[in-house]
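So the structure is just underneath, and the comments pick up after that.
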Amino acid sequence: MKSSDTFSANSSANNSTNHNGDAVAGSTAPAPSNFIRHIIEQDLQTGKHNGRVQTRFPPEPNGYLHIGHAKSICLNFGVAKSNNGFCNLRFDDTNPEKESQEFINAIKADIEWLGFHWSGEIRYASAYFDALYEFALQLIRAGKAYVCSLSPDQAREYRGTLTTHGTPSPYRNRTVEENIDLFTRMAAGEFAEGVHSLRAKIDMASPNINMRDPVIYRIRHVHHHQTGDKWPIYPMYDYAHCISDAMECITHSLCTLEFEDHRPLYDWILQNLDIATLHRASDSKEGVESYVLPRQIEFARLNINYTVMSKRKLKELVMQGYVKGWDDPRMPTLSGLRRRGFTSASIRNFCDRVGISRSESVVDLGMLEHSIRDDLDKSAPRAMCVLRPLKVTLTNYPLDSLDGPEVLELSCHPKEESMGKRKLPFARELFIDASDFEEIPPPQYKRLSPGTEVRLRGAYVIRCDQVIKDAEGKPVELLCSYDAATLGVNPQGRKVQGVIHWVPAQYAIDVEVRIYDRLFSKENPDDKTIGDYKECLNPESLVTLTGCKAEPSLKLAAPEAGFQFEREGYFCVDRYDSTPDKMVFNRTVTLRDSWTKISS
RNA sequence: UGGGGUGUCGCCAAGUUGGUAAGGCACAAGGUUUUGAUCCUUGCAUUCGUUGGUUCGAGUCCAGCCACCCCAGCCA
């Protein structure tokens, strides 16, 4: 045990030993070093924002959050927290047809589960529609935006290609009056979808296609989950996002690499708006003179091998029934990982370990597995559960006595005594796992085989005397004898190497165990040479085992409770399908396993 | 044949102003162990995509080359 001196010697280094301490925002290690934190440090030094750090996490509510979002969440909230700043949650809801309240609710729940707290009320880009509309009028009056009446197809032709410049729209030089008239009528719902759009007047010859008079408003006669039927026009991302950031006084607008080419547009919009108006529309409580525009900074999105991360593909897996929902334990969604048994701390740690950079990279799934093992090894109580039961009868163990069974006490954790002990009856008839017996033991096999001994974890040493087989020659029962002198002590004069888990037959509870494995069998399901990513779906990503035998103490386990089933892995009680009468456990991850390496 | 990016160990990733390659994962070898788990110890890039240049000295500066990623939605 640690002495109290050890604790007082270095307070900051011992954060990790603080089990149920501050569960918020991965704070066990010193803040990671990355280019974004460097930029912020610099801005703090130069006093660019008066020492203020304000970030935001801006999901579009068109799907569930996945672990890639967790990277962004940890970054945005983490960077704000360690600089005494704040992070907003803003729904980027400018394209209502793909969005829904269901997604908004799920996203909120996932962020809370991850352990982060957003600053103030939840924000919505849609809450800024009035302001956005006024700013559009301002651009029009300044001759910096115009109503274009090209069809989407025509607009594409006018835009030019990657290597050839575009051609100005014939509507580019409409008068301010005409533009205002048309735009006002667009907003009044007078026109059908597609007949007009509002465009920023920038440069059709720009080598950056985003600057070739991008559309900033389109006509969409659809219901919006927040604003109802108020608007027949909706702003585009490029236009709404930068203004929303500015209105929320965001200092550092962090996004992924694919928006790099949009940065000039982000800056153009803000720089072409009247700063005083922007300031007035913003959250700022200081004067205009200290009002500084936000800076967009891009970082690489998260990729993990053996999985897909695009929302489109995840949605497809759900919609076409390849998985059982957004929260299927095989999904890389936060709700899926949660249901699988991942703790939020493990995900935060994973994000810290992965780091932030600008190079596109593919993280090994092993890193995620390490993060959850690392957490659960320390925090998960141990228990025994036999997945593929094989009956064992201890021929020399007394038959049931009237006093009831012999009851053993086992520690819930090998190191953490504070986790207490659990009771487990011992009996003449037991179950062990079928894989812990081999009639013809392979080299270095340390488990049970005819004539050899093993230790039953937390109980006695037993020896296999006889194998009873069925008609096909498969072992169905083992007749063993136990050594009564080996409870809590090693036998004298011989060494018993193997230790196996077991469960008393008549006191065990029947449970269902779902064995999950990676969803894809190829490292890169997106590889074009595979064809469709669904071709490499792993047919064994889910194997359901029924009739598993769990120790009776598990009966009390609550939904989502995580355990280490000794020698098998980490498992959790399924939060939806498990009932007291029919418990269901999900395998979160296996234990590290050097035996299968040795044996193969 | 346009523009914007990225290239440091098998996988991530630090490398402030040029001064002689952090850390994690994985892997390997030992030790402890009533989980073939955990834990502990040790090992694991004379080299930073590549070729040249500047310099006493370059992953860090300069030039050329190569590879890969992103962009032509009235999606985000």
Side-chain angles (χ1 to χ4, degrees), chain A residues 29 32-34 38 41-42 58-60 62 92-95 97-98 148 150-152 155-157 159-166 193-199 206-212 214-220 233-234 236-238 240-241 255-264 298 300 305 311 352-371 373-374 377-378 382 384 410 414-415 444-447 454-459 461 486 488-490 496-501 564-569 590-599:
Chain A
S33 170
N34 63 54
H38 287 317
E41 270 169 40
Q42 234 168 53
E60 184 191 13
N62 66 346
D92 222 334
D93 54 350
T94 55
N95 187 19
E97 50 220 304
K98 289 184 176 171
C148 178
L150 252 21
S151 71
R156 179 163 46 248
E157 282 169 29
R159 187 156 37 235
T161 70
L162 294 177
T163 50
T164 62
H165 59 72
E193 294 186 5
V195 327
H196 300 299
S197 65
L198 185 69
R199 297 229 248 163
S206 171
N208 181 347
I209 293 183
N210 294 300
M211 300 298 269
R212 319 239 261 234
V215 170
I216 59 178
Y217 260 100
R218 75 292 215 178
I219 300 172
R220 273 299 102 98
I233 58 172
Y234 291 97
M236 297 287 288
Y237 163 86
D238 284 313
H241 201 88
C255 65
T256 45
L257 247 27
E258 69 269 25
F259 291 102
E260 222 165 343
D261 292 344
H262 296 238
R263 198 192 325 136
E298 312 85 14
N305 58 13
K311 226 182 247 180
D352 281 351
R353 278 180 230 262
V354 160
I356 300 291
S357 78
R358 286 177 63 87
S359 64
E360 305 259 10
S361 54
V362 183
V363 174
D364 197 293
L365 224 206
M367 284 246 225
L368 219 209
E369 294 182 338
H370 174 264
S371 298
R373 286 193 188 110
D374 192 41
D377 173 61
K378 296 181 187 78
R382 312 286 120 128
M384 293 195 284
L410 311 201
K415 291 178 181 164
Q444 299 179 68
Y445 193 70
K446 299 203 298 196
R447 310 174 189 181
V454 286
R455 154 85 59 187
L456 293 178
R457 168 118 253 232
V461 169
T486 55
V489 288
N490 284 129
V496 176
Q497 277 201 102
V499 178
I500 65 173
H501 56 106
Q564 185 196 100
F565 287 172
E566 289 190 284
R567 302 208 315 129
E568 289 289 358
T590 60
L591 254 26
R592 269 183 84 227
D593 177 17
S594 52
W595 167 239
T596 48
K597 280 172 204 155
I598 297 168
S599 61

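Here is the naming used below: chain letters follow the sequence lines, and residue numbers restart at 1 for every chain.
Base engagement by A:Gln444 is indicated by at least one non-hydrogen atom pair under 4.0 Å involving a base atom. When heavy atoms are screened at a 4.0 angstrom cut-off, A:Arg447 is found touching base atoms of the nucleic acid. Across all strands, A:Gly166 comes closer than 4.0 Å to no nucleic acid atom at all (heavy-atom distances). Looking at heavy-atom distances under 4.0 Å, A:Tyr217 makes no contact with the nucleic acid at all. Contact annotation for A:Val454: no contact, since no heavy-atom pair falls under 4.0 Å across all strands. At a threshold of 4.0 angstrom between heavy atoms, the contacts of A:Ser206 with the nucleic acid are absent. At a threshold of 4.0 angstrom between heavy atoms, the contacts of A:Pro414 include nucleobase atoms, whether or not backbone atoms are also involved. A:Asp261 comes within 4.0 angstrom of a base, heavy atoms only. Contacts of A:Tyr445 with the nucleic acid, taken as non-hydrogen atoms under 4.0 Å apart, include base atoms. Among the heavy atoms of the strands, none lies under 4.0 Å from A:Met384. Residue A:Arg263 is out of contact with every strand shown, counting any heavy-atom pair closer than 4.0 Å. Residue A:Gln564 is classed as a base contact, given a heavy-atom separation below 4.0 Å to a base.
Applying the side chain to side chain donor-acceptor pair (under 3.5 Å) rule to A:Thr164 yields the partners A:Thr161; only residues at least two apart in sequence or on another chain are considered. With sequence neighbours left out, the ring pair (Phe, Tyr, Trp, His ring centres under 6.0 Å) criterion links A:His370 to no other residue. With sequence neighbours excluded, no residue satisfies side chain to side chain donor-acceptor pair (under 3.5 Å) with A:Glu369. Contacts of A:Arg373 classified as side chain to side chain donor-acceptor pair (under 3.5 Å), with partners at least two apart in sequence or in another chain: A:Thr590. Applying the ring pair (Phe, Tyr, Trp, His ring centres under 6.0 Å) criterion to A:His501, with sequence neighbours excluded, gives no partner residue. The side chain to side chain contact (heavy atoms under 4.5 Å, CB included) check on A:Ile209 picks up A:Arg159, A:Leu162, A:Arg212, with sequence neighbours excluded. Here A:Glu157 pairs with nothing under the side chain to side chain contact (heavy atoms under 4.5 Å, CB included) rule; sequence neighbours left out.
Atom name P, nucleotides B:rU8 and B:rU51: the rounded distance is 16 Å, in whole Å. Between B:rG57 and B:rU20, the two P atoms lie 15 Å apart (nearest whole Å). B:rG64 and B:rA28 have their C1' atoms separated by 42 Å, with the value rounded to a whole Å. Across the C1' atoms, B:rC66 and B:rG52 are found 14 Å apart, a figure rounded to whole Å. Taking atom C1' on both nucleotides, B:rU46 is separated from B:rU32 by 36 Å, rounded to a whole Å. Using atom P as the reference point in both B:rG19 and B:rG59, the two lie 10 Å apart (nearest Å). Rounded to a whole angstrom, the distance from the P atom of B:rU54 to that of B:rA63 is 15 Å. B:rC61 and B:rA76 have their C1' atoms separated by 39 Å, given to the nearest Å.
For A:Ser594, whose side chain is taken as the heavy atoms from C-beta onward, the closest listed nucleotide among B:rC70, B:rU35, B:rA37 is B:rA37. In the set B:rA26, B:rA76, B:rC75, B:rC75 carries the atom at the smallest distance from any side-chain atom of A:Lys98. Of the listed nucleotides (B:rC25, B:rG36, B:rA76), B:rC25 has the atom at the smallest distance from the side chain of A:His370.
Contact check, A:Lys311 against B:rC75: no side-chain N or O comes under 4.0 Å of OP1 or OP2. The side chain of A:Thr161 places no N or O atom within less than 4.0 Å of a non-bridging phosphate oxygen (OP1 or OP2) of B:rG2. Contact annotation: A:Arg159 does not reach the phosphate of B:rC71 (side-chain N/O to OP1 or OP2, under 4.0 Å). Taking side-chain N and O atoms only, A:Arg382 has no distance below 4.0 Å to OP1 or OP2 of B:rU35. Within the structure, every side-chain polar atom (N or O) of A:His501 is placed at least 4.0 Å from both OP1 and OP2 of B:rU35.
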* Which letter, B, S or -, goes with each nucleotide of nucleotides 38-43 of chain B from 5' to 3', with contact meaning a protein heavy atom under 4.0 Å? -> BS----

* Structure fact -> Per-nt protein contacts along nucleotides 11-20 of chain B (heavy atom under 4.0 Å; B base, S backbone sugar-phosphate only, - none) come out as BSSSS-----

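The distance between atom CG of A:Leu591 and atom C1' of B:rG36, rounded to the nearest whole Å, is 10 Å. The separation between A:Arg212 atom CZ and B:rA72 atom P is 11 Å, rounded to whole Å. A:Glu298 has its CD atom 19 Å from the P atom of B:rC69, to the nearest Å. Computed from coordinates, the A:Leu162 CG to B:rU1 C1' distance equals 12 Å when rounded to whole Å. The interatomic distance linking A:Arg156 (CZ) with B:rC74 (C1') rounds to 10 Å, in whole Å. For the pair A:Lys597 NZ and B:rA29 C1', the computed distance is 14 Å after rounding to whole Å. Across the protein-nucleic acid pair, A:Ile500 atom CD1 and B:rA37 atom P stand 17 Å apart, rounded to whole Å. As a whole-Å value, the separation of A:Glu369 CD from B:rA37 C1' is 15 Å.
Of all the heavy atoms in A:Asp364 and A:Gly366, the pair that sits closest is OD1-N, 2.7 Å.
The partner of B:rG2, taking Watson-Crick or G-U wobble pairs whose two distances both stay under 3.5 Å, is B:rC71. Across all strands shown, nothing is found opposite B:rU55 as a Watson-Crick or G-U wobble partner with both distances under 3.5 Å. Across all strands shown, B:rA28 forms a Watson-Crick or G-U wobble pair with B:rU42, both key distances being under 3.5 Å.
The nearest heavy atom of RNA chain B to A:Ile209 and to A:Pro58 marks one nucleotide each, and the one closer to the 5' end goes with A:Ile209. Projected onto RNA chain B by closest heavy-atom contact, A:Gly160 and A:Arg455 fall at different nucleotides, the more 5' of which corresponds to A:Arg455.
For the residue pair A:Ser371/A:Asp374, the side-chain donor-acceptor check at 3.5 Å is not satisfied.
A:Tyr237 does not qualify as a stacking partner of the B:rA76 base, lacking a centre-to-centre distance under 5.5 Å together with planes within 30°.
For B:rG73, the O4'-C1' to base torsion is within 90° of 0; the nucleotide is therefore syn.
At a threshold of 4.5 Å between non-hydrogen side-chain atoms, the residues A:Gln444 and A:Ser599 do not count as touching. Under the 4.5 Å side-chain criterion, counting only non-hydrogen atoms from C-beta, A:Thr486 is in contact with A:Arg455.
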